[in-house]
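This report refers to the structure that appears directly beneath it.
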Amino acid sequence: MTDRYDPSSIEKKWQQRWEADGLYHTLDGAGTNFYFLTMLPYTSGDLHIGHWYAMSPSDAAARYRRMRGLNVLLPIGFDAFGLPAENAAIRSGIHPHKWTYDNIDRMRGQLRSMGAMFDWSTEVITSDPEFYRWNQWFFLKLWERGLAYRAMAPANWCPSCQTVLANEQVLPDGACERCGTPVTHRDLEQWFFRITAYADELLDHSKVDWPDPVTTMQKNWIGRSEGVEIAFGLDVPGVDQKEIRVFTTRPDTIFGVTFMVLAPEHPLVDQITTADRRAEVETYVEQARAQTEIERLSTDRPKTGVFTGAYCKNLLNGEQVPIWIADYALLWYGTGAVMGVPAHDQRDFAFAKQFGLSCPVVIAPPDWDGEPPEEAYLGEGSMVNSGQFDGLANEEGKSAVADYVESQGWGKRTVSYRIRDWLISRQRYWGTPIPMVHCPKCGVVPVPEEQLPVLLPEDAEFKPTGESPLVRHERFVNVACPNCGEPARRETDTMDTFMDSNWYFIRYLSPGYHDGPVDPARAKAWLPVDQYTGGAEHAVMHLLYARFFWKAIRDLGVVEGDEPFLRLFNQGQILGPDGQRMSKSRGNVVAPDEYVQRYGADAFRCYLMFIGPWDEGGPFGIEGIAGIQRWLNRVWGLVANPPAFGDAGPNAVRDMRRAVHQTVRKATEDIERFRFNTLLAALMELTNALVRHRDAGPAQTGARPGVDREAWNEAVESLLLMLAPAAPHIAEELWERSGRPYSVHQQSWPAWDEELAREDEVTLVVQVNGKLRDRIQVPAGIEEERAKELALASERVRPHTDGKKVQRVIYVPGKLVNVVVR
RNA sequence: GCCGGGGUGGCGAAAACGGAAAACGCGGCGGACUUAAAAUCCGCUGUCGCCUCUGGCGACUUGUGGGUUCGAUUCCCACCCCCGGCACCA
């Protein structure tokens, strides 16, 4: 029992034992099920430190739940489709399939070294046909329900490579990463999911317990605004359309409209532009198409735009309104047209100022002096220069104008969303083929269900231009129309990989199931997910898409309940030592394997949990791991070198038990809140206290009679139990070495006794005018009057109160007395 | 730019609530053990100043500036910097 702590000799041993015993095979286990889900890793190569940072605390939290008596499932799988595999193929000639599955083989071994309670029987790989056939099946179901549709949408386009580019493939200066040509946008017919159909339900987070920042971001992303769609008259010779509709949340400002702005892509632009303006307009449209949306929406750059030469009519006052185009109007928000009210909208104000357009005030601020405004006025006021609406408070004016517009048939109240339908088409190879066929006679025809999966052909040729090999793959593309049997073309777009992350956690429950995406009995037993953990970078897109998808398949009857993830915790991002996001190109990637070998998985897990609050992330440096090693060595020593037992006396026993019960209380609160750093700090403090108790015994000093055997055993047992979630191997080893029955991971989390945790004495802080002047030791339950008396009598306080008038004495029970003097 | 988060000792950080700023750990300094080193253990360690200097006293200190309060790392306003997301990286 005197040998030293050597992680390499115990970790592998226990990992094999746990696996052989099926200790973590919980899919069909007994008891109350608890689904603990952590975001599946992308198969990018070796497991990196970010995976350890995300997964080892998740494992600790899952293990804790298990110790609380729940049957916890912690599954694992691989997010395997996507751009990096394809890039690797183009760069090095390795087929995406081989690249991906080789990576998975390595990652499996690396994941096992973590010692996590993954139930490997549930493993899912999203690029397996057995998985993606159900992507296709879901697609067909959504299509049947009108939730999948085809429409034109812009994509990044490199005119030189003749290829669609991902945002990632466009350099910051807007050039193609392969050839340097300036990237533009090109409209393509693409597939969408109608997420907007669920926008209102997605705004409701009342059925989930999620961090506020995430729900706020999702709400802002959906961006619901109530307003009015209002028609402006259009009378341009040769143009059929007789009106332009705008969406506005401020119908009360309609009399202040001095211009109209269309998005440069707006279909009317080409028709209404006058001959003398055409050259300028076309140049501007071209420029706008080359910009990113972030650039277009930036509010701190000079406003740009051009006049089309055409006018429309404000139906409420009959005024002619010049029609401009400007890049800040987006085709996909509202109606793609904006009414310009410079006096009451900051952006319109800047635009009007830039182009010398007039700026009449129509909402008078309460103290308005009649002068022209120096900036847009967004506050409340009464309507002026607004015909029959003059004098109305603008809030009333909103509904009065809306009523009037509706009564005249010029528009209607409506709701607009910032969120757009989800474009799922990717012009790529390494993804799920979209199961559709284009027939010259029948149009767009779905692949019949019984023909699924539409397999991704293995023999693909990767061109350096990045064009999807599917487009020129004759055997894939040429197909008989499922409807009429005539020659037709298969759809060559594949699905966004966010489709995979929509439901991988459902597939985990029955990865080999053939009669549907999930075995209904398993779905009933496990869904929805009780706790989800993953990176904060997924706060909006993945987590919103997955909620949408869940609701859509709920309506298909595949799952029950309204939300997929009941509780959520987002960890922060672990950065390279330079404070930058880790990436191969920056060369700041920290590989975990070497550390695991040198320090052990337990120390490495604990260190990652100890360096700071899990939700904050931050730069990684290995320096501090020495503290964890020393601590684990001391814990080892508690079992390897126990104290001499004897009659310790009631005070020593009480002190030790108080330390134990206070630590159990603190540790429980911390792990419930995912505060692993302070959890481990508390365990260190308890360890240090136990070492002191032991070393104060007679073996060393002869001064004291010994350590109480029962209290010591309770202390060591509690410590090992609390250590088990964070450091599962050493906890198991010491549990065995101290003669306790296998397995520590099948024990209950310890309970604390409030009475034993209670302090007898507390330190009372005494302040004078808020400044600390003394600390006094008092009995824990001290009365207010007695506390104030002691405080005022303090030798250290009196010099600050003598000769002054005591105005108030503030007492915070058991904590502080503040004497306010003048 | 917009949305969300953050900024505390030399470093990672702690302080659910408006009530002791700096727990726990790293590093550093001093000491014990050792032939020596490593390991281990003990003590000190926010900054500045003062004194009767193995100790004690005082002032200051949580990005910057203002405010509310008996009292602010915590609440409010303005600003600066860093991180995440912004719809084809995942």
Side-chain angles (χ1 to χ4, degrees), chain A residues 4 39-44 79 81-84 87 155-156 164-170 190 211-214 216-221 223 292-301 332 418-428 496-498 500-501 535-542 544-545 570 572-573 575 579-581 583 607 610-613 615-621 623-628 630-631 633-634 637 669 673 675 677-678 680-685 688 691 695 763-772 775 807-812 815-821:
Chain A
R4 300 178 49 80
M39 289 177 190
L40 82 178
Y42 180 71
T43 53
S44 53
D79 183 18
F81 272 144
L83 186 63
N87 286 342
N156 297 318
V164 172
L165 299 178
N167 288 343
E168 201 192 44
Q169 299 171 303
V170 181
Q190 308 194 67
D212 290 337
V214 179
T216 303
M217 278 189 274
Q218 292 204 342
K219 285 192 168 93
N220 292 339
W221 183 269
T292 67
E293 204 175 311
I294 292 173
E295 287 165 343
R296 286 178 62 163
L297 288 173
S298 177
T299 51
D300 72 338
R301 59 180 193 145
W332 42 88
R418 203 187 74 97
I419 193 173
R420 306 198 290 270
D421 277 337
W422 174 17
L423 195 167
I424 64 148
S425 281
R426 297 293 181 269
Q427 293 71 39
R428 301 265 168 66
D496 183 356
T497 55
F498 276 125
D500 306 320
S501 48
E537 68 272 23
H538 294 297
V540 176
M541 300 182 68
H542 159 56
L544 202 53
Y545 292 147
N570 283 137
Q573 194 153 127
L575 305 171
Q580 301 280 304
R581 195 175 163 169
S583 73
Y607 180 58
F610 184 66
I611 49 176
D615 52 345
E616 282 177 22
F620 177 82
E623 300 76 27
I625 201 169
I628 298 289
R630 284 174 200 150
W631 168 55
N633 276 322
R634 284 199 299 276
E669 287 164 0
R673 293 191 296 146
R675 299 295 296 239
N677 55 334
T678 50
L680 294 179
L683 297 187
M684 286 176 189
E685 282 185 87
N688 295 345
V691 167
D695 295 348
T763 308
L764 199 61
V765 169
V766 185
Q767 299 178 335
V768 178
N769 287 347
K771 280 200 198 300
L772 179 88
R775 301 159 211 245
Q807 286 189 310
R808 287 167 71 184
V809 181
I810 288 155
Y811 178 62
V812 180
K815 284 206 166 151
L816 157 150
V817 177
N818 186 14
V819 183
V820 184
V821 297

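The chains referred to below are lettered A, B, ... by the order of the sequence lines, with proteins before strands, and numbering in each begins at 1. Source: prediction; values computed, not measured.
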Given rC3(B), rA87(B), rG19(B), the nucleotide with the shortest approach to the side chain of Asn220(A): rC3(B)
Sugar-phosphate only, base, or nothing, as touched by Met217(A) at under 4.0 Å among non-hydrogen atoms: base
Options rG12(B), rG1(B), rA23(B), nucleotide nearest the side-chain atoms of Ile611(A): rG12(B)
From rA13(B), rG1(B), rA39(B), nucleotide with atom closest to Asn677(A) side chain: rA13(B)
Any Arg675(A) side-chain N or O less than 4.0 Å from OP1/OP2 of rA15(B): yes
Minimum-distance nucleotide to Asp496(A) side chain [options: rC88(B), rG1(B), rG12(B)]: rC88(B)
Touch class at under 4.0 angstrom, heavy-atom based, for Thr763(A) against every strand present: base
Sugar-phosphate only, base, or nothing, as touched by Asn688(A) at under 4.0 Å among non-hydrogen atoms: sugar-phosphate
Touch class at under 4.0 angstrom, heavy-atom based, for Val812(A) against every strand present: base
Between Trp422(A) and Asp496(A): side-chain donor-acceptor atoms closer than 3.5 Å: yes
Exercise: do Asn570(A) and Asp615(A) side chains pair donor with acceptor under 3.5 Å: no
Touch class at under 4.0 angstrom, heavy-atom based, for Phe610(A) against every strand present: base
Check: rC70(B) base within 3.5 Å donor-acceptor of Asn818(A) side chain: yes
Exercise: identify the closest heavy-atom pair between Val540(A) and Gln218(A): O-NE2, 3.9 Å
Of the listed nucleotides rG12(B), rA90(B), rG19(B), the one nearest the side chain of Glu537(A): rA90(B)
Geometric class of the Phe620(A)/Tyr607(A) ring pair [parallel <30°, tilted 30-60°, perpendicular >60°]: perpendicular
Partner nucleotide of rC79(B) by Watson-Crick or wobble geometry (both distances under 3.5 Å): rG63(B)
Syn/anti state for rC53(B) [syn: chi within 90° of 0]: syn
Side chain Gln190(A) and base rC88(B) donor-acceptor under 3.5 Å: yes
Nucleotide of rC24(B), rA14(B), rC70(B) approaching Met684(A) most closely (side-chain heavy atoms): rC24(B)
Gap between atoms CD and P, on Glu616(A) and rA13(B) respectively (whole Å): 7 Å
Touch class at under 4.0 angstrom, heavy-atom based, for His538(A) against every strand present: base
Minimum-distance nucleotide to Gln573(A) side chain [options: rC88(B), rG84(B), rG19(B)]: rG84(B)
Nearest-Å distance for atom pair CG/C1', residues Asn87(A) and rC89(B): 9 Å
Contact under 4.0 Å: Arg426(A) side-chain N or O vs rC88(B) OP1/OP2: yes
Pairing partner (Watson-Crick or G-U wobble, both distances under 3.5 angstrom) of rG27(B): rU45(B)
Shortest non-hydrogen contact from Tyr42(A) toward Asp79(A): CD1-O, 3.0 Å
Minimum-distance nucleotide (side-chain atoms of Ala681(A) versus rA87(B), rA23(B), rA15(B)): rA23(B)
Check: Gln169(A) side chain, rC88(B) base, donor-acceptor under 3.5 Å: no
Lys815(A) NZ to rA15(B) P, straight-line distance once rounded to whole Å: 13 Å
Touch class at under 4.0 angstrom, heavy-atom based, for Arg428(A) against every strand present: base
Sugar-phosphate, base or nothing in reach of Ile810(A), heavy atoms under 4.0 Å: base
Touch class at under 4.0 angstrom, heavy-atom based, for Gln807(A) against every strand present: nothing
Sugar-phosphate only, base, or nothing, as touched by Ile419(A) at under 4.0 Å among non-hydrogen atoms: base
Closest non-hydrogen atom pair, Asn769(A) against Asn818(A): N-OD1, 3.4 Å
Nucleotide of rC26(B), rA87(B), rC70(B) approaching Ala626(A) most closely (side-chain heavy atoms): rC26(B)
Sugar-phosphate, base or nothing in reach of Gln767(A), heavy atoms under 4.0 Å: base
Base paired to rC50(B) (Watson-Crick or G-U; both N/O distances under 3.5 angstrom): rG56(B)
Touch class at under 4.0 angstrom, heavy-atom based, for Pro613(A) against every strand present: sugar-phosphate
Listed nucleotide nearest any side-chain atom of Val765(A), set rA20(B), rG12(B), rA87(B): rA20(B)
Salt bridge Arg420(A)-Glu293(A), side-chain N to carboxylate O under 4.0 Å: yes
Sugar-phosphate only, base, or nothing, as touched by Trp221(A) at under 4.0 Å among non-hydrogen atoms: base
Sugar-phosphate only, base, or nothing, as touched by Val214(A) at under 4.0 Å among non-hydrogen atoms: nothing
rA21(B) phosphate, OP1 or OP2, under 4.0 Å from Lys771(A) side-chain N/O: no
